Amino acid sequence: WKPRGVECTTDRRQRRNIIDALGALPGVSDRIFPVGRLDVDSTGLILLTNDGTMVNKLLRASEQKQKEYLVSTDRRATDAQVRQLASGVVITTVAQRDGRSKSLTAPT
């Protein structure tokens, strides 16, 4: 279960990364990969695997895998809000690669 404040990254340079949050895993010597991501402020189940190839096949955009998310809210959405979400949302996130950060924005 991923607690709030933990980042779903295997980059140990990132403070509060998921690998350090797991702590020691007795008997596990393979590299571990999270299957998917949850935002830092989110909590929930994260599947872990030692098969990085499988993770890439599931998550790479080029694989065009359909994803479904289950979200709980503290209040019921109005019909207008449901229509707005169904028409798509714009997601902005920060991608990090090779020590550099880049803001990415994409419609869904």
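Computed from a predicted structure; not experimentally measured.
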Determine whether more than 12 heavy atoms belonging to other residues, nucleotides or ligands lie under 6.0 Å from atom NZ of Lys67. yes

Mind checking salt bridge (Lys or Arg N to Asp or Glu O under 4.0 Å) for Asp51 and listing every partner two or more places apart, or none if nothing turns up? none

List the atom pairs, with distances to 0.1 Å, where a side-chain N or O of residues 57-64 and a protein N or O form a donor-acceptor pair under 3.5 Å, not counting sequence neighbours.
residue	atom	partner	partner atom	Å
Arg60	NH2	Asn56	OD1	3.4

State which residues pass side-chain hydrogen bond (donor to acceptor under 3.5 Å, both in side chains) with Ser72; sequence neighbours excluded, sorted by chain then number. none

For Thr92, all residues meeting side-chain hydrogen bond (donor to acceptor under 3.5 Å, both in side chains), sequence neighbours excluded: Thr105

Scan residues 5-15 for pairs that pass salt bridge (Lys or Arg N to Asp or Glu O under 4.0 Å), counting only residues two or more places apart or in two chains. Asp11-Arg13, Arg12-Asp20

With sequence neighbours left out, what residues match [X] under side chain to side chain contact (heavy atoms under 4.5 Å, CB included)?
X	answer
Gln84	none
Val71	Thr73
Arg76	none
Ala77	Gln81, Val82

Starting from the C-alpha separation in whole Å, work towards a yes-or-no answer on side chain to side chain contact (heavy atoms under 4.5 Å, CB included) for Thr49 and Met54. CA-CA 9 Å; Thr49 182; Met54 179 194 68; 3.7 Å; yes

Rest of the hydrophobic cluster containing Val89 (Ile/Leu/Val/Met/Phe/Trp/Tyr, side-chain heavy atoms under 4.5 Å)? Leu85, Ile91

Which atom pairs, one a donor and one an acceptor, fall under 3.5 Å between side chains of residues 28-43 and the rest of the protein, sequence neighbours left out?
residue	atom	partner	partner atom	Å
Asp30	OD2	Asn50	ND2	2.7
Arg31	NH2	Thr10	OG1	3.2
Arg37	NH1	Cys8	O	3.0

